[in-house]
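Structure, as structure tokens:
This is a predicted model, so every value here is computed, not measured. For ligands, and for the atoms within them, numbers begin at 1 and follow the listed sequence. Because only heavy atoms are used, hydrogens play no part in the values below, and waters and symmetry mates are left out as well, while side chains stay in. Residue indices begin at 1 and follow the sequence shown.
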Amino acid sequence: MKRIALLLLILPLLFAVTGCSKGKPDSLAAIKKAGKIVIGTSADFPPYEFHIQDNGADRIVGFDIAVGEEVAKDLGVKLEIKDMKFDGLLAALASGNVDIILSGMTPTDERKKAVDFSDIYYRAEQGVIVRAADKDKFTTVESLKKAMIGVQKGSIQVGIAKKQIKGIADAAQNSDEVKELGKLSDLVLELKSKKIDAIVVETEVSKAYVAANPDLFVAPFVFPDSDGGAAIAVKKDNAALLEAVNKTLARLTAANAMPGFVTDAKALMEKL
Ligand code: ARG
């Protein structure tokens, strides 16, 4: 009799423990309960994500935002955007300040140690922006060897600038000729005011900035991007959320929706 009583006591406990051993409660449940999904982004990256003035009001738009809206729609929740410096995104995800990162983020092996990534939803190459006045000066990677290069802090472009342009073996090593700033928009201002000579950035983004700034120019060479493109970052051990995000991406891919999102984002760039 006692044994049965004990078993009755222990059984629910066992259930609770095995339920938990599958992982901490998935953030998908928390997102649905809150009725919103919070995406972290660095809105300085047209056409992925950028600020526009919409009838006097500041709005963040871009094709990453369109993807985020589809994720929210599939989950039946609202979308909230938190804009921050790119190098603060992984910490914001780790601390639960944001639910996912949608910021043109490249799924590198280094980052995979800290977060999980969705399937890749967009591929791009890496290039360089210079001043239009310097367009005949910087025509090759070699011509940038002595130039002052700007890159977004925490981005893969830091490695490109140091390793592929400056020939420094370790991307973590400081270089007087590579300036790292949190916001790409600040790098563009520094380029215009001649504090730096070039910015390493994705070609898609370089074209966007040059379209909005006739005094800038896209240099005529690219760097191969072996890590290959942008993916959504999700906190580790959140299988259900990761699966949901991938499901939305698969739906968008099947509907061939991404080209339309990119075109729409580019149309909005006139208001940059
Ligand atoms: N793809 C690059 C990386 O992952 C740069 C992304 C920058 N994104 C942004 N929204 N500023 O490092």
Pull out every atom of ligand 1 sitting under 4.0 Å from any heavy atom of [X], numbered as shown with elements.
| X | answer |
| --- | --- |
| Asp44 | 9 (C), 10 (N), 11 (N) |
| Gln152 | 7 (C), 9 (C), 11 (N) |
| Ser42 | 9 (C), 10 (N), 11 (N) |
| Ser155 | 12 (O) |
| Glu49 | 10 (N) |
| Phe86 | 3 (C), 4 (O), 6 (C), 7 (C), 8 (N), 9 (C), 12 (O) |

Ring centroid separation Phe217 to Phe138 under 6.0 Å:
no
Decide if the gap between the ring center of Phe50 and the ring center of Phe45 is smaller than 6.0 angstrom.
no
Ligand 1-proximal atoms of Lys183, by part, heavy-atom distance under 4.0 Å:
neither
Can you tell me if Tyr48 contacts ligand 1 (heavy atom of the residue under 4.0 Å from the ligand)?
no
Is it the case that Ser143 and Lys137 place a side-chain donor and acceptor less than 3.5 Å from each other?
no
Do any N/O atoms on [X] end up under 3.5 angstrom from N/O atoms on ligand 1?
| X | value |
| --- | --- |
| Ile156 | yes |
| Gly104 | yes |
| Thr41 | no |

Is the ring pair Tyr122/Phe63 parallel, tilted or perpendicular, if the boundaries are 30 and 60 degrees?
tilted
For [atom], find the nearest protein heavy atom and state the residue, atom name and distance (0.1 Å precision).
| atom | result |
| --- | --- |
| atom 9 (C) of ligand 1 | Phe45 CG, 3.3 Å |
| atom 5 (C) of ligand 1 | Gln157 OE1, 3.4 Å |
| atom 8 (N) of ligand 1 | Ser103 O, 2.8 Å |

Run the salt-bridge test on [X] and [Y] with the 4.0 Å N-O cut-off and return the result as yes or no.
| X | Y | answer |
| --- | --- | --- |
| Asp74 | Arg251 | yes |
| Lys146 | Glu177 | no |
| Lys207 | Glu202 | no |
| Arg131 | Asp197 | yes |

Test side chain to side chain contact (heavy atoms under 4.5 Å, CB included) on Val71 and Val77 and set out the steps.
CA-CA 9 Å; Val71 171; Val77 297; over 6 Å; no
